[in-house]
Each structure stands twice: as C-alpha cells, then as structure tokens.
Number of protein chains: 2
Amino acid sequence: MADSKPLLSLDWDPVAAEALLRDVFGIVVDEVVWKGTRATEKVCEWKEPEELKQLLDLELRSQGESQKQILERCQAVIRYSVKTCHPRFFNQLFSGLDPHALAGRIVTESLNTSQYTYEIAPVFVLMEEEVLKKLRALVGWSSGDGVFCPGGSISNMYAVNLARYQRYPDCKQRGLRALPPLALFTTNECHYSIKKGAAFLGLGTDSVRVVMADERGKMIPEDLERQISLAEAEGVVPFLVSATSGTTVLGAFDPLEAIADVCQHHGLWLHVDAAWGGSVLLSQTHRHLLDGIQRADSVAWNPHKLLTAGLQCSALLLRDTTNLLKRCHGSQASYLFQQDKFYDVALDTGDKVVQCGRRVDCLKLWLMWKAQGGQGLERRVDQAFALAGYLVEEMKKREGFELVMEVAPVLKERMVKEGSMMIGYQPHGTRGNFFRMIVANPALTQADLDFLLDELERLGQDL
Amino acid sequence: MADSKPLLSLDWDPVAAEALLRDVFGIVVDEVVWKGTRATEKVCEWKEPEELKQLLDLELRSQGESQKQILERCQAVIRYSVKTCHPRFFNQLFSGLDPHALAGRIVTESLNTSQYTYEIAPVFVLMEEEVLKKLRALVGWSSGDGVFCPGGSISNMYAVNLARYQRYPDCKQRGLRALPPLALFTTNECHYSIKKGAAFLGLGTDSVRVVMADERGKMIPEDLERQISLAEAEGVVPFLVSATSGTTVLGAFDPLEAIADVCQHHGLWLHVDAAWGGSVLLSQTHRHLLDGIQRADSVAWNPHKLLTAGLQCSALLLRDTTNLLKRCHGSQASYLFQQDKFYDVALDTGDKVVQCGRRVDCLKLWLMWKAQGGQGLERRVDQAFALAGYLVEEMKKREGFELVMEVAPVLKERMVKEGSMMIGYQPHGTRGNFFRMIVANPALTQADLDFLLDELERLGQDL
C-alpha cells in the first residue's frame, strides 16, 4: 500500500488505554461478577426489539465518542444482556461463571494470537496438545490426535469429513462425484448439526439415515444393523455412525459398546458426539454411561458446556496416529507453513484445520483445570447428577407438573418478561411442548431448584 | 442425570472471584498493555519447545493449585507468548492493540452468550445486524444479509456453498452427486482457503480453476473469460468466481469491474475475498482499489486484520434479500428455534449458519467504532498506506536489500531468537524467499520502520 500523503500521528497512549480498561473491568466486576450472579437480581431485562434498539443507540457514525459515553455504552450492553452466569439461567447447555476460566479468557484476549504456528503461539501450541492429550486419556486413548474447533457442529463436521477421506482419499482432489453414494447413520435424537454438516459437506441431508431410538432416546443397535443392510441393498456405501453421549433434548446416552460392535463388523467409522456428555468421563461414578467410547474413531467434546470453560471450547479427539487430520485438511500454504523454518515444523498445527486464523481455546480450560484439579471438576459433574436427581424427586411430590408442561410457551413468556428465570422448552415426538431442565452451573444449590419449581407453579397458577 | 448421592457444597464465592480477576487483570495491564507494547522490550522470548514445556509445567493433575500458583501461571503464559501488540510485530495480517476493542472483548467474555437467538442475546442480535448494515453500506449496498463467521476461511466457504445452493437448491438434500460437475475460478494469488473449502464442501480441489494473474498479482479478466470457456467445453458448469481484494502475499487488488462484467455475462456468482483489503473501503482516498465491489454477490471482510478488532472478527456480507443464508443453512431445530415464541422469530439468526453455538464477534468492532468514529478508522487506513509508502522510499535509498531477501530464513531465525522483531517470509513464483512486510498496527511510526530497515541490515551484515 503506497501513497504520498503525510504521515499522521496516531501514537499509542498506554495511560489512556489502562484507564479505559480499568474502568470497563470495574463495570464487569460490579455488573456481571457480582450483580449478574446474584439470585435476587433479574436473569434478563426484557425489552421489545424496537425499544431495545432505541435504548442502545446502535448506529455507527463518523464522529467518535468520549470515554464517558463509551463507559455508558458498556453498562447498557451489560444491563440488557441475559446473565448466563445467573443461578436461574437454565436455558442452555452452558450456564454459570468460572472465575479461572474467565481469567484465562481475558489473558487470551489480551494476547490476541492465532493458534496456527509455534512461531506466533509457542505457549498455546504446546498447551493445546497437552489439554487434548488429557481429554484423550479420559476417553481411554494413550495416543491420537485432535484439535479445538469453533463449536461442536464443526467438530462433528470434521469427523464426517475425516471418515470419508480415510475411505476415499481421492475425495479431496476429485470431489464427491468421483465416489459412490455414501450413507451415515444416527438417530432423530442426534444434534441437528449432523444434518447441517451433511448438507454443507456436499453429501446432502438424504445421506443421513435415521436409526430408531427407544423411548428414552437411545439408539437401538438392532435397528442400526437393519438400516445398514437396507442402505447396502440400495447400492449406497455406509461409512460412518454418529452416536450421541448426552442427547440435546432428553440427555440420553447411546449404548456405545453395542454400536461399536456393529461398526467393527461393517468396518464403519464410529463418531461419538459427546459435546454435552463428554464431561461425564471425569466422574468415576457416572462415566460408565460412556462405556465403549474408547472404541470410537472420533469424539466431539465441548468443555464449554458442563465444565463452564466459556464459549467456545470444543475439542475434536481422534484415535488416529497417521496424521489423518493434516493429510485430510492440509494445503501447505508456503507463506505460513514454510518448511525451511529453524524449528520442528510438526509444531505448526494450523494445517490440521480448514480455518486459517484460529482462536486460542485451550488456555481457559487449562487454567481452570490447574486451579480446580481433575478432582474439583469431578465434584462438579457429580454435583450436577445429584441436583438432577433431587429435582426429579421433588417434581414427583408436586401435583400438576404434567399439566404445566403443556403451557410451556405461556410460562416462558411470563418468566422472561419478569426476568425471574430462563428455561428452554420444545416438543418431542408425539409429546407437546415441555421444559428442558439443564443443570450445568456449578454454583447451583437445592434452593435454586426449589425456586424453579415454586416459580413454575406461581407463573402457571391461573392456567 | 439422576443419582442418589448427597448434594455437595460448591457455592459461588464472588469475593474470591473478584480477587482473582483483579490480580489477573493487573498482570494483563502491566505485562501486555504496558510492557508488551514497549519498543524497548522483546517481541518474543524464544525458547526451544522442549525447554518451554519444562518452564510451563503444562500437565493437568488431579489436585488443584493455590491462587498464588495460578497467578504465576498467568505470568508465565504471558512472558513466553509472542506480543502481537508490539510495534515490531510485522509477522501477520493482524498486529497492534486497540483498547476499545479489547474492552469489548472483555465484556463479551464476561457475558458468555451465544449469538443464535434474541432470547439469550438480545443486545448482540440487534448489534450484529447494525454492524453488518454499516459494512454493507461501505460496500455500496442499502440492503442485503450477512453474518459473522469464525474466520475468513469459513466466510469464503459459506460464499461457495451459497452460490451452489442458489443455482442447485437440490444440493442441500440430494448432495453433489445429483449435480453436474462444477467449477469455480480464482488465481494462484488467492488465499489457500479457497482450495481447502472446495475439498471440505465435497467439490474437490480439482473444481478450482486457476486464472492467470499479472506480475503484480492481479487477476487477468481476459484469462478468466478463457478459463470459463475451457471449462464449459469440458462439460463442467462454472458457478462462481472468487476475486481477491488484498492478496495474502503481494497485497494485490483484483480488477473487480472487469471481473464483474465477465460474471454478469456468464451468470456467475461473484465472491470478493476482501478479508485483508475490505477495510480500505473506509478510506475516501484509497477505496477506488475496490471499485466494482458493489457488483459482487458476496464479500468476506475481516476487521480483525487492518482494523485491529481482535481475533476473530470476520464478516460475510451478502447482496441477497431472499433469505438465502437461512434457506441454505437452516434446519429449524425445534428445541432452539421454536416458532411459537412470544417475539418475532426472524430475530433468531442462528439458523443462518452451520454452527450451533456461535461466539459474539460484533461488540469489539462496534465499541471501537463508537469510540473512534468512521473518521478515526479512516485515518488508520490512510496512515497504513502512508507508512507503506515511506518504507518503499526508504528501501530504495539503501543498498543490498535485494541481496538480503535471499537469506530470509537465516535473518528470521536471528531476529526471533533475539526477540527484536518478527516479520514473515515466503517464496513467490520464480522468486526465492523474501520478507512480506505488514503495516497493520495503528500505533506504528516512521521510527518503527527505520528500525526495521536498520535491524535487517544489522542482522544480515555478515551474510
């Protein structure tokens, strides 16, 4: 970029930078860490979209604003944002605030680097490998590969792409038209990213064959066997089964041993979408729910969910030791992955992914793990199971909860407009709308669950 | 998750959380904001991988650690990380530290929400739309669509997927096998994500047809015309041209008007990868480099590069007004995108993407823009051009710089091990290794560029 204009003076002012950052940090501590986590405060400050637009004054203009205005803007952003760290936020598979993970995120943001080379991310290249090794060890693998992805959907997509590449390496160069028609198998309880991924990867949603699940939402291995035979009879080549450990709506764990037997028999890639349930591997008491996961070829696991690492932290783990990830995704860009570097270029992990720049997602999890230890994280998982058990028992004692569930959309509107709590609802099969209760926040207590039940009764008492 | 274990006490302690966060924030201010940006400090503290592993003690154990240990760990992470905010970090297309953008990132991390629904991200759903509208206006569109993606590679991939879906909507369900063979067109100067994307999307890298570039790296429109005819003669269906505004190595701007003429003539989707060059649209003086961009169907633009918004901030902008993004990527998951909500569900933008959870990437850019104004950002772009011009003139005055370039890997090793500066190198066509100088940091001065030239001479004086 060449030009003859005079040079301007835009000098860096660390005093002003520090002052701004200190003020904003102070607002975060007051409004999020303290107020946002306090049960007596609202979970959300509901505004209709048009009103909120006015309140926020979102328009971007030519003129800059004063420091005072900027601080007011930060306050407004926080005021009208949902407090996902609040003890009555049950709405998503993530909730709560881990201070060590948040500290890791702040350090990550300040260092602002990309995960692709040892050259510019020496600490994080080594750290990512260590964290992945630990997650693999919990799966039951002493070797393997992996990478952090921008969310579980992309982790799942990677697994599908790797499976088809392993079977048909030609696909990378020649595309799907050079291959026979392919099929992958999962249940209707799986996450919607499996179908989205099939479309995005060019396979088409028709390539996803639905295997029956039982009434608890678990895949029926006998039906998997049947669906594979049906596909083969149609001249379609089965190549992957996606099992789920912790389904999105019912929280079901597919029977991995039986599914692995089927995969082994037919030579199919076994992917386990453990985005939600993977963290259960930390619990000696409950990890049996994932028995057989060590037989998988790939596992997707999101520590930003049950472990509260912060969005996003999604690991794709592989049993492969043949550098499949780099062979499948690599393109050897000469400006980034020079082969004449003065260090071992195997450390440049950027060519394992289809991204170029890639955020650092390992530090927040690593720092939290260092602080809590595996034992501390295990206690959190056990606590979530204990609280879920408590809630089930308490619900059985109360009348009317079946009834309440049929009016979920009305109750939802009332709770959000009051800001008292947030919980998600959806229909399922022949059942109408019901609430999906998530116990993910490590700060939850029995009292929060009692509140949940009382509040649902109160909100619905006239219905 | 049900169990009969007794409930544990893992109560939230805001006092401890505040103390930890204040200490870590203090380290960030001292070590990154002050020391990391000081020219007299090292850009990096080079360690061999094995030694760094020892220094960091990366292993994750069962036992947790004390607050004091955790703070030491944060210090070590920062000490051995590359300071991408340093005035002598010329290594990547991002560099520098904008305090408002960093403030926005800290607020984003504290709020920890996902961009998919108005329900849980009311502020950010509206803010993303406003920021995208502003970026579209700079492209020259008064309407359209768009979304923030996890990096430019995925933005480019989205464009390719949208183009094929628009032409063959069947592809989503039936896959590429139901379509004729397809071809897209770009030059060898394009970013490597175009080929990676073609492989990932199932098209195969063979579907990418290479158009000749001139000696400055710009696409030759006459050759584009020729390549399209060649593909058609082979029975392949052309569907997309990917032009580049600001190529990765040479910084070239493809002639968009002439390319748009060709696309219009053949009915092809015109995608502009303006990940690097898009920010030039802010400059009245230099935006002519992108003349014709308003005729594109899609534009990828990364404000985390020249605008210093922070990794990642990558916008995919679309001229489309027919909801193509949602039709192409949507799957109407009933647990997230319920249609019986109490607000306008058109605000639930999550079904526009192939991700499920999606980070909030708009606040950092919005807050920086509010503080700087469009004028302030324009000055930054003009400053980058002015500094680049200054550097070119100064280099012409010095002997030996052609020679120096042939020993780039040696100079690179020396500068990194001393920690004095960082600049990337690569070969290009028949030319050997040369340094690629990036002027992206708004805090750069003439003195920093004088240092660069002096330092290259010093490092290479014995060669």
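Throughout, protein chains are lettered first and strands after them, A, B, ... in sequence-line order, and every chain is numbered starting at 1.
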| query | B:Tyr425 and A:Lys341: side chain to side chain contact (heavy atoms under 4.5 Å, CB included), yes or no, with the steps? | reply | CA-CA 10 Å; B:Tyr425 71 87; A:Lys341 285 184 179 177; 4.2 Å; yes
So, do [X] and [Y] sit near enough that their side-chain heavy atoms are less than 4.5 Å apart?
| X | Y | value |
| --- | --- | --- |
| B:Leu179 | A:Arg177 | no |
| A:Glu130 | B:Lys53 | no |
| B:Pro87 | A:Trp12 | no |

Could you report the tightest heavy-atom contact between [X] and [Y], atom names first, then the distance?
| X | Y | result |
| --- | --- | --- |
| A:Cys74 | B:Val107 | SG-CG2, 4.4 Å |
| A:Arg359 | B:Leu311 | NH1-O, 2.9 Å |
| A:Leu60 | B:Trp366 | CD2-CD1, 3.5 Å |
| B:Ser110 | A:Val28 | CB-CG1, 3.5 Å |
| B:Pro409 | A:Asp340 | CG-OD2, 3.5 Å |
| A:Val123 | B:Leu52 | N-CD2, 4.1 Å |

| Aromatic plane relationship, A:Tyr335 with B:Tyr192 - under 30° parallel, 30 to 60° tilted, over 60° perpendicular |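 If you compare the ring of B:Tyr192 with that of A:Tyr335, the planes turn out tilted.
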| task | Measure up the A:Tyr343 and B:Trp46 rings against each other and bin them: parallel (under 30°), tilted (30 to 60°), perpendicular (over 60°). | result |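 Judged by the thresholds at 30° and 60°, the geometry between A:Tyr343 and B:Trp46 is tilted.
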Just so I understand: if I count every heavy-atom pair under 4.5 Å between each of [options] and chain B, which residue has the most?
| options | answer |
| --- | --- |
| A:Gln69, A:Arg436, A:His304, A:Lys195 | A:Arg436 |
| A:Asn91, A:Val32, A:Leu126 | A:Leu126 |
| A:Pro99, A:Gly373, A:Ser62, A:Gly204 | A:Ser62 |

| query | So which of B:Lys134, B:Arg358, B:His428 has the largest heavy-atom pair count under 4.5 angstrom toward chain A? | reply |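 Most heavy-atom pairs under 4.5 Å with chain A: B:Lys134.
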| message | Checking B:His100 against A:Gln67 for the side chain to side chain contact (heavy atoms under 4.5 Å, CB included) test, could you report, in this order, the C-alpha distance in whole Å, the side-chain angles of both residues, the deciding distance, and whether it holds? | response | CA-CA 10 Å; B:His100 295 98; A:Gln67 183 99 336; 4.3 Å; yes
| task | Kindly indicate, with the supporting measurements, whether the criterion side chain to side chain contact (heavy atoms under 4.5 Å, CB included) is fulfilled by A:Phe342 and B:Val416. | result | CA-CA 10 Å; A:Phe342 60 93; B:Val416 170; 3.7 Å; yes
Distance-only, no hydrogens or angles: does the [X] side chain make a donor-acceptor pair with backbone N or O of [Y] under 3.5 Å?
| X | Y | value |
| --- | --- | --- |
| A:Ser153 | B:Gly357 | no |
| B:Glu18 | A:Val33 | no |
| A:Lys370 | B:Glu59 | yes |
| A:Ser331 | B:Lys196 | no |

| task | Show the numbers, then the answer: is there a side chain to side chain contact (heavy atoms under 4.5 Å, CB included) between B:Ile120 and A:Met422? | result | CA-CA 9 Å; B:Ile120 70 153; A:Met422 285 183 76; 3.8 Å; yes
| field | Structural part of A:Tyr118 lying under 4.5 Å from a heavy atom of chain B | value |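 Only the side chain of A:Tyr118 comes within 4.5 Å of chain B.
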